[in-house]
Amino acid sequence: MTEPEANSAHGLLDPDFNRDRFLAILVHELRNPLAPIQNAVEVLKLSRPVSDRVDRCSEMIDRQLVRMTRLLDDLVDVSRLTRGPLDLRLGRADLRSVIEQALQRAGARLTERHQTLVADLPPAGVEIEADAPRLVQLIEILLDNAAKFSDEGGTITIGHAIDDGDFVLTIMDTGIGIDSAIRPLMFQPFRLAGSEHNTNGNGLGLGLPLAQGIAHGHGGRIEAWPREAGQGSVFTVRLPLLRAAAVPAHTAPGHDVMAAGRAPKRWRLVLADDRQLNADALSELIRLQGHEVITVYDGEAAVAAAERSRPNAIVLDIGMPGVDGFETCRRIRSQSWARDIPIVALTGWGQSNIGPRAREAGFTFHLLKPVDHLTLLSNLERMHVLGAGFTTE
């Protein structure tokens with residue numbers, strides 16, 4: 001695998017540049033082994049029947065993979081925040097739906113720790129202008145934080161209010177509370193990692209700074225207070241409600257394109273990744289969904305396989321040695337038969353410049369590893385139905 005090109009020799013002397021470069025390499029190298037593990041777990045889940053022991057082990061591995069992937073995503077996002085605001089794709093977002101999605105994603109942590117959730121959710125139709133996936137991420141971070149710093153069997157309570165044109169979400173826990181020495185540092189990246197106050201050894205001090213960055217990007221803020229000594233903490237998220245001016249409805253990338261009753265497209269794919277375990281496992285998962293996959297392990301082979309089989313979609317790892325994914329895509333796009341088919345970029349690099357480079361090379365959309373096969377297929381189907389342009393997930 002090759003690292004994306006450095007911006008300039010001058011950049012190597014910049015400590016911020018070197019930090020971001022190191023984090024990009026680290027995240028890339030950690031994503032790659034996660035991808036085949038995730039795909040192998042999915043194959044086990046689909047290989048029914050299996051023993052209860054295998055089933056339990058698969059679920060355990062899956063939960064830890066989700067946790068590892070989120071940590072890597074947080075590393076990339078916090079690095080971006082140090083250079084400026086996050087890029088947000090704003091649209092109309094229903095707050096009840098957003099909170100329910102966050103609860104679903106954080107549920108495994110609460111169940112694992114035998115914690116009770118008491119939730120008072122807003123009615124459907126309370127809307128804000130937001131990047132809905134980012135807002136789900138913000139709430140999930142706060143729920144995960146509450147679960148992490150609460151004892152097993154504790155209680156997490158969610159409430160809401162409307163105050164002076166703002167929506168106020170409250171998350172209250174029965175955990176260790178907030179030390180007065182910690183409170184001024186809570187939303188600064190990395191400041192809590194290894195702290196004497198971080199008694200359970202969990203986390204790198206990334207979640208709360210990222211959540212605050214997302215809140216600020218939406219014109220809001222997060223505040224935190226201790227409850228009575230030793231009785232937990234209270235976090236409030238304040239976000240401006242949608243004003244009278246209409247905002248175009250937001251359609252989530254993974255929306256159900258089958259709602260209109262269309263039969264899903266049967267894909268004939270060429271899939272190329274130099275990491276053979278990842279390529280084989282992902283190909284097998286796609287085949288189990290009823291699609292045809294030709295699997296190759298380098299760019300030259302991908303060009304030859306595409307020319308020979310004329311697939312209706314192509315999936316390419318970006319970081320292949322020799323002929324990388326960018327050049328492979330350009331070569332395939334130069335053929336008249338391939339000018340309009342979806343070509344998907346897969347990569348472990350989470351840097352913001354990957355998207356523009358992928359778009360320029362001719363990719364239809366860009367997904368970060370580890371890639372869920374159903375997410376890949378749903379994005380392909382969305383492109384088929386809607387004819388949408390380039391996206392980054």
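Taking hydrophobic clusters as Ile, Leu, Val, Met, Phe, Trp and Tyr residues chained together by side-chain heavy-atom distances below 4.5 Å, Leu367 does not share a cluster with Leu374. Residues Ile171 and Val126 share a single hydrophobic cluster, defined by chaining ILVMFWY side chains whose heavy atoms lie under 4.5 Å apart. No continuous path of ILVMFWY side-chain contacts below 4.5 Å connects Ile222 to Met172, so the two sit in separate hydrophobic clusters. Under the 4.5 Å side-chain heavy-atom criterion for Ile, Leu, Val, Met, Phe, Trp and Tyr, Ile99 and Leu117 are members of the same hydrophobic cluster. Hydrophobic clustering of Ile, Leu, Val, Met, Phe, Trp and Tyr side chains at less than 4.5 Å, counting indirect connections, unites Ile141 with Leu103.
Of the options Thr236, Ile139, Leu135, a side chain to side chain contact (heavy atoms under 4.5 Å, CB included) to Leu169 is made by Ile139 and by none of the others. Considering Gln104, Arg105, Arg109 in turn, Arg105 is the only one that fulfils the side chain to side chain donor-acceptor pair (under 3.5 Å) rule with Glu140.
Side-chain N or O atoms of Arg268 include one that pairs as donor or acceptor with a backbone N or O of Arg310 at under 3.5 Å. Side chain of His291 to backbone of Trp267: a donor-acceptor contact under 3.5 angstrom is found. Between the side chain of His218 and the main chain of Asp131, a donor-acceptor pair closer than 3.5 Å is present. At least one donor-acceptor pair closer than 3.5 Å links the side chain of Gln115 to the backbone N or O of Ala147. Distance alone, capped at 3.5 Å, places no donor-acceptor pair between the Asp62 side chain and the Ser58 backbone.
His373 has its side chain out of reach of Leu288: every pair of non-hydrogen atoms, C-beta onward, lies at least 4.5 Å apart. A 4.5 Å side-chain heavy-atom check between Glu360 and Arg330 finds at least one atom pair inside the cut-off. Counting heavy atoms from C-beta outward, Asp273 and Lys369 have side chains that approach closer than 4.5 Å. Contact annotation: the side chain of Ser309 approaches that of Val270 to within less than 4.5 Å [non-hydrogen atoms, C-beta and beyond].
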Given side chain to side chain contact (heavy atoms under 4.5 Å, CB included), test Ile332 with Val303 step by step and report yes or no.
CA-CA 6 Å; Ile332 293 173; Val303 174; 4.2 Å; yes
Given side chain to side chain contact (heavy atoms under 4.5 Å, CB included), test Arg238 with Asp163 step by step and report yes or no.
CA-CA 9 Å; Arg238 181 177 287 268; Asp163 178 44; 2.8 Å; yes
Please report the C-alpha distance between Asp173 and Ile156 in whole Å, then the side-chain angles of each, then the deciding distance to 0.1 Å, and finally whether the side chain to side chain contact (heavy atoms under 4.5 Å, CB included) criterion is met.
CA-CA 5 Å; Asp173 64 60; Ile156 297 168; 4.3 Å; yes
Stepwise side chain to side chain contact (heavy atoms under 4.5 Å, CB included) check, Arg266 with Glu292
CA-CA 8 Å; Arg266 186 173 182 276; Glu292 179 184 347; 4.2 Å; yes
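Nearest heavy atoms, Ala302 versus Ala272: CB-CB, 3.7 Å. The two residues Gln137 and Leu210 come nearest to each other via the heavy atoms NE2-CD2, 3.4 Å. Nearest heavy atoms, Asp94 versus Glu127: CA-CG, 4.2 Å. Across all their heavy atoms, His216 and Gly220 have their closest contact at CD2-O, 3.2 Å. Here the closest heavy-atom approach between residue Ala279 and residue Thr295 is recorded as CB-CG2, 3.8 Å. What you find for Pro342 and Leu380 is that their closest heavy atoms are CB-CD2, 3.7 Å.
Qualifying salt bridge (charged side-chain N to carboxylate O under 4.0 Å, His left out) partners for Glu112, counting only residues two or more places apart in sequence or in other chains: Arg63, Arg67. With sequence neighbours left out, the salt bridge (charged side-chain N to carboxylate O under 4.0 Å, His left out) criterion links Arg333 to no other residue. Every side chain to side chain contact (heavy atoms under 4.5 Å, CB included) that Thr155 has, sequence neighbours left out, goes to Thr116, Val118, Thr157, Thr174.
Atom-to-atom distance recorded for Asp298:CG and Leu316:CG is 11.0 Å, nearest 0.5 angstrom. Rounded to the nearest 0.5 angstrom, Leu269 CG and Leu376 CG are separated by 7.0 Å. The CG atom of Leu277 sits 10.0 Å away from atom CG of Asn39, with the distance rounded to the nearest 0.5 Å. Atom CG of Asp166 is separated from atom CG of Leu241 by 6.5 Å, given to the nearest 0.5 angstrom. Remark: Leu282 CG to Arg287 CZ distance equals 9.5 Å, nearest 0.5 Å. The CZ atom of Phe235 lies 4.5 Å from the CD1 atom of Ile178; values are rounded to the nearest 0.5 Å.
Defined by atom type and a distance below 3.5 Å, a donor-acceptor pair is missing between the side-chain atoms of Tyr297 and Asp317.
Between Asp324 and Arg357 no salt bridge is recorded (no basic side-chain N to carboxylate O distance below 4.0 Å).
At most 12 non-hydrogen atoms from other residues, nucleotides or ligands lie less than 6.0 angstrom from CG of Asp340.
In this structure, Phe167 and His160 have parallel ring planes: the angle between them is below the 30° cut-off, well short of the 60° mark.
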